S.K.: 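The structure under discussion is supplied below as structure tokens; questions concerning it will follow.
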Amino acid sequence: MSIFEEELYNRGLELIAGVDEVGRGCLAGPVVSAAVILPKNHGILGIDDSKKLSEKRRLELAKAIKEKAVCYSIGMVGNTVIDKVNIYEATKLAMLEAVGNLEIAPQHLLIDAMQLDLPISQTAIIKGDANSLSIAAASIVAKVTRDNLMKDYDNQYPGYDFAANAGYGTAKHIEGLEKLGVTPIHRTSFEPVKTLVSTKKDK
């Protein structure tokens with residue numbers, strides 16, 4: 001998983017930022033991006049695509065990544081902006097924010113399947129979180145950040161099972177929508193939320 005990083009190291013670049021996002025397919029909550037610059041010899045074992053890891057392992061790795069990273073940062077775009085500009089553009093905005101928030105300017109970006117309008121050399125990698133350690137590290141930090149946020153939202157908006165589903169359209173989440181209606185954090189441009197909103201307006 002370090003083939004892209006090694007190639008850049010061999011070119012004399014060391015400040016390589018992995019960039020990834022979580023929450024694109026959710027019905028509620030923000031899309032969250034992370035940018036992580038790992039040191040060349042970070043020594044963190046087990047970094048992988050966040051989706052392949054247990055919650056316990058993600059938490060352990062997120063802690064290690066934050067402790068050992070040259071720097072890391074978060075970018076976040078909420079549901080109202082997602083509804084306004086679409087999820088693809090919102091994802092780019094979250095990634096731009098994450099890169100912009102880095103305390104140290106990266107020399108190169110490794111991004112999960114996305115090109116950003118930035119004056120920084122970059123490589124878009126298909127399935128980047130499974131093919132690049134830097135992107136995988138960013139996916140872990142983003143996932144843990146977003147999961148914690150959705151657990152907070154679960155306390156604020158009980159009945160949707162946000163703590164367990166993180167805003168994805170599970171059976172319990174859909175059941176909550178049908179019983180309780182749409183919350184202020186739901187994405188009204190996403191189905192079935194969109195239909196529920198229009199049905200409520202028609203009544």
Side-chain angles (χ1 to χ4, degrees), residues 1-26 29-40 42 44 47-52 58 61-62 65-66 68-150 166-168 187 189-190:
M1 284 180 69
S2 59
I3 186 168
F4 293 97
E5 287 83 353
E6 290 298 332
E7 184 184 328
L8 293 164
Y9 292 148
N10 290 337
R11 285 165 46 190
L13 303 176
E14 292 203 1
L15 297 174
I16 301 161
V19 186
D20 200 8
E21 54 68 37
V22 294
R24 282 179 78 163
C26 296
V31 62
V32 175
S33 178
V36 176
I37 301 178
L38 290 173
K40 192 172 180 179
H42 54 79
I44 306 170
I47 294 176
D48 203 347
D49 176 358
S50 63
K51 295 184 288 294
K52 297 177 182 177
R58 280 197 301 267
L61 284 167
I65 290 163
K66 290 175 180 179
K68 295 195 175 184
V70 174
C71 60
Y72 71 91
S73 61
I74 296 293
M76 198 176 301
V77 172
N79 58 301
T80 53
V81 175
I82 292 169
D83 289 334
K84 190 178 292 185
V85 303
N86 78 47
I87 189 60
Y88 182 79
E89 293 301 323
T91 298
K92 285 204 287 189
L93 290 172
M95 287 182 167
L96 287 166
E97 183 180 315
V99 174
N101 285 341
L102 286 169
E103 292 178 359
I104 298 169
Q107 297 167 306
H108 193 91
L109 305 177
L110 296 176
I111 311 171
D112 187 28
M114 192 84 75
Q115 285 280 347
L116 299 179
D117 187 15
L118 287 171
I120 306 170
S121 64
Q122 53 195 276
T123 306
I125 304 170
I126 303 299
K127 294 185 178 176
D129 44 11
N131 291 299
S132 159
L133 276 175
S134 300
I135 295 175
S139 82
I140 290 166
V141 172
K143 173 74 173 155
V144 168
T145 300
R146 192 178 187 283
D147 283 356
N148 287 339
L149 181 65
M150 293 309 293
Y168 286 93
R187 302 174 184 178
S189 58
F190 282 43

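FYI, side chains are in, hydrogens and waters are out, and symmetry mates aren't considered; it's all heavy atoms of this structure. In this chain, residues are counted from 1 in sequence order. All values reported here derive from a predicted model rather than from experimental measurement.
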S.K.: If you take all heavy atoms of Val19 and Ala35, which pair is closest and at what distance?
M.R.: CG2-CB, 4.2 Å
S.K.: Short question: side chain of Ser33, backbone of Gly75 - any donor-acceptor pair under 3.5 Å?
M.R.: no
S.K.: Gln122 side chain to Leu116 main-chain N or O, any donor-acceptor pair under 3.5 Å?
M.R.: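 Side chain of Gln122 to backbone of Leu116, a donor-acceptor pair under 3.5 Å: yes, one is there.
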S.K.: CG of Asp20 to CE of Met114: how many Å apart, nearest 0.5 Å?
M.R.: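 These two atoms lie 9.5 Å from each other.
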S.K.: Kindly determine whether Ile125 and Phe4 satisfy side chain to side chain contact (heavy atoms under 4.5 Å, CB included), including the steps that lead there.
M.R.: CA-CA 9 Å; Ile125 304 170; Phe4 293 97; 3.7 Å; yes
S.K.: Please evaluate residues Ser189 and Asn86 with respect to the criterion side chain to side chain contact (heavy atoms under 4.5 Å, CB included), reporting the C-alpha separation (whole Å), side-chain torsions for both, the decisive distance (0.1 Å), and the verdict.
M.R.: CA-CA 8 Å; Ser189 58; Asn86 78 47; over 6 Å; no
S.K.: So which atom in Ala166 and which in Asp147 form the shortest heavy-atom distance, rounded to 0.1 Å?
M.R.: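 That closest heavy-atom pairing would be CB-OD1, 3.7 Å.
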S.K.: Let me see the working for Met150 and Cys26 under side chain to side chain contact (heavy atoms under 4.5 Å, CB included), right down to the final yes or no.
M.R.: CA-CA 11 Å; Met150 293 309 293; Cys26 296; over 6 Å; no
S.K.: When you measure from the side chain of Asp112 to the backbone of Glu21, do you find a donor-acceptor pair of N or O atoms at a distance under 3.5 Å?
M.R.: no
S.K.: So do the side chains of Ile44 and Leu38 get within less than 4.5 Å of each other, counting heavy atoms only?
M.R.: yes
S.K.: Would you say Leu109 and Met95 make side-chain contact, with heavy atoms under 4.5 Å?
M.R.: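 Leu109 vs Met95: side chains apart.
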S.K.: Looking at every heavy atom in both Leu93 and Val77, which two are closest together, and how far apart are they?
M.R.: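 Residues Leu93 and Val77, closest heavy atoms: CB-CG2, 3.8 Å.
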S.K.: Could you tell me whether a side-chain N or O of Asp49 sits under 3.5 Å from a main-chain N or O of Asp129, the two making a donor and an acceptor?
M.R.: no
S.K.: What is the distance from atom CG of Leu96 to atom OG1 of Thr91, rounded to the nearest 0.5 Å?
M.R.: 11.0 Å
S.K.: Measure from the side-chain N and O atoms of Arg24 to the backbone N and O of Ile87, and report whether any donor-acceptor pair falls under 3.5 Å.
M.R.: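 Not at all, since once roles are kept as given, no pair shorter than 3.5 Å links the two residues.
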S.K.: What is the distance from atom CD1 of Ile37 to atom CD1 of Ile104, rounded to the nearest 0.5 Å?
M.R.: 6.5 Å
S.K.: For the pair Ile82 and Phe190, evaluate side chain to side chain contact (heavy atoms under 4.5 Å, CB included) and give the outcome as yes or no after the intermediate values.
M.R.: CA-CA 10 Å; Ile82 292 169; Phe190 282 43; 3.9 Å; yes
S.K.: Can you tell me how far apart CG (Leu110) and CG (Asn131) are? Round to the nearest 0.5 Å.
M.R.: 11.0 Å
S.K.: Does any non-hydrogen side-chain atom of Asp117 lie less than 4.5 Å from one of Lys92?
M.R.: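 Side-chain contact under 4.5 Å: no.
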S.K.: Ala34 and Ile74: which non-hydrogen atoms are nearest, and at how many Å?
M.R.: CB-CD1, 3.9 Å
S.K.: Going from CD1 on Ile47 to CD1 on Ile65, what distance comes out if it is rounded to the nearest 0.5 angstrom?
M.R.: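 Those atoms lie 4.5 Å apart.
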S.K.: Looking at Val22, Asn79, Leu149, which one forms a side chain to side chain contact (heavy atoms under 4.5 Å, CB included) with Pro30?
M.R.: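 Result for side chain to side chain contact (heavy atoms under 4.5 Å, CB included) with Pro30: Leu149.
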S.K.: When you measure from the side chain of Ser121 to the backbone of Gln107, do you find a donor-acceptor pair of N or O atoms at a distance under 3.5 Å?
M.R.: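 Indeed, once roles are kept as given, a pair shorter than 3.5 Å links the two residues.
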S.K.: Sub-3.5 Å donor-acceptor pair from the side chain of Arg187 to the main-chain atoms of Gly29, do we have one?
M.R.: yes
S.K.: Got a donor-acceptor contact below 3.5 angstrom from the Arg58 side chain to the Ser50 backbone?
M.R.: yes
S.K.: Provide the full list of side-chain hydrogen bond (donor to acceptor under 3.5 Å, both in side chains) pairs with a residue in residues 1-16, sequence neighbours left out, each pair given once.
M.R.: Glu5-Ser132, Glu5-Ser134
